[in-house]
Asker: 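Provided herewith is a single structure, encoded as structure tokens, for subsequent inquiry.
Index from 1, following the sequence.
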Amino acid sequence: MKPLLDLFPEADKPVEIIPARKLAAKAAALYVAPADHFQTRPVDELRLGFDGISGDFHAGPTRRSGGREPWYPRGTEMRNERQLSIVAVDELAIVAKRMDLAEIKPEWIGANLVIEGVPNLSKLPSGTLLFFKGGVTVKVDAQNGPCRIAGRSIAENAGMADVEAGALLFPKVAKRLRGVVAWVEKPGTIMAGEEISVRVPEQWIYQA
């Protein structure tokens, strides 16, 4: 019988492993969306269940597929991994500058949580865990891809002269800067200003 490495030569290829790490962060601001609109409004606390934020536009155990899931017919019921939208002020400032705006407020793009203390927040890998001091745990699913709907909201709220141009510009300049989406792993209540322990998992580049 051949040695195991001869049968699976790819198993012996060196792969760079980036170790897991912990970061300290803070829930700088909290927002919730009315049940009939994706734009959010500031609140002092978020009450989270396994379905997401109670009463929020994106709450629920499932959701309908859209343009981000071209492998399904639009409107297919699927698992809701987009229960929370998380952003960082420094990244929004970069996008605002690229759009020639004074600011982009988190609520304009439907953010639920603004986190301080995490460099390159939008690049957090899938599986990153956010442990809130009060007991809630949230798991990052993926980057939140910028879309024209959010772009149009920015253009309208910022008073841009050409709303459609602003709607089209946002997806171009906000790529990898629009934050991440996450889902509730352990329910509870998050308070504004609460401390967060961010646990970034071990990482590597998969190559077949």
Asker: What is the minimum heavy-atom distance between W183 and N80, and which atoms define it?
Answerer: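 Minimum heavy-atom contact is CB-O, 4.3 Å.
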Asker: What distance do I196 atom CD1 and F132 atom CZ have between them, rounded to the nearest 0.5 Å?
Answerer: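 Nearest 0.5 Å value for the CD1-CZ distance: 4.0 Å.
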Asker: Is K133 salt-bridged to E194, cutoff N-O under 4.0 Å?
Answerer: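 Looking at K133 and E194, the cut-off is not met.
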Asker: Working to the nearest 0.5 Å, report the span between NE2 of H37 and CZ of F57.
Answerer: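 One finds 8.0 Å between NE2 of H37 and CZ of F57.
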Asker: Are R63 and E77 ion-paired here, with the side-chain N under 4.0 Å from a carboxylate O?
Answerer: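 No, this pair does not count.
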Asker: Does a side chain donor of either S153 or Q39 reach within less than 3.5 Å of an acceptor in the other side chain?
Answerer: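 Per modelled atom types, S153 and Q39 side chains form a pair under 3.5 Å.
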Asker: Among Q143, R82, H58, whose side chain to side chain contact (heavy atoms under 4.5 Å, CB included) with V181 holds?
Answerer: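 It is R82; the other options fail the test.
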Asker: More than 12 non-hydrogen atoms from neighbouring residues, nucleotides or ligands closer than 6.0 Å to CD1 on I205, yes or no?
Answerer: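 No, because the 6.0 Å sphere around CD1 of I205 holds 12 heavy atoms or fewer from other groups.
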Asker: For the residue pair A88 and L121, what are the closest heavy atoms and their distance?
Answerer: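 Between these two residues, the closest heavy atoms are CB-CB, 4.0 Å.
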Asker: Rounded to the nearest 0.5 Å, what's the gap from CG on D44 to CD1 on I190? Could you check?
Answerer: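 Answer rounded to 0.5 Å: 13.5 Å.
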Asker: How long is the span from the CG atom in L169 to the CZ atom in R152, to the nearest 0.5 Å?
Answerer: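 Here the rounded value is 13.0 Å.
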Asker: Check the side chains of N120 and R176 for a donor-acceptor pair under 3.5 angstrom, ignoring hydrogens and angles.
Answerer: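 Side-chain D/A pair, R176 to N120: absent.
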Asker: Please say which of V180, T137, I115 ends up in a side chain to side chain contact (heavy atoms under 4.5 Å, CB included) with L130.
Answerer: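 Of the listed options, the one satisfying the test is I115.
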Asker: Picking from L129, V138, L48, what satisfies side chain to side chain contact (heavy atoms under 4.5 Å, CB included) with E185?
Answerer: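 Only one option passes, and that is L129.
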Asker: So Q83 and I53, side-chain contact (heavy atoms from CB on, under 4.5 Å) or not? Walk me through it.
Answerer: CA-CA 7 Å; Q83 294 175 340; I53 302 169; over 6 Å; no
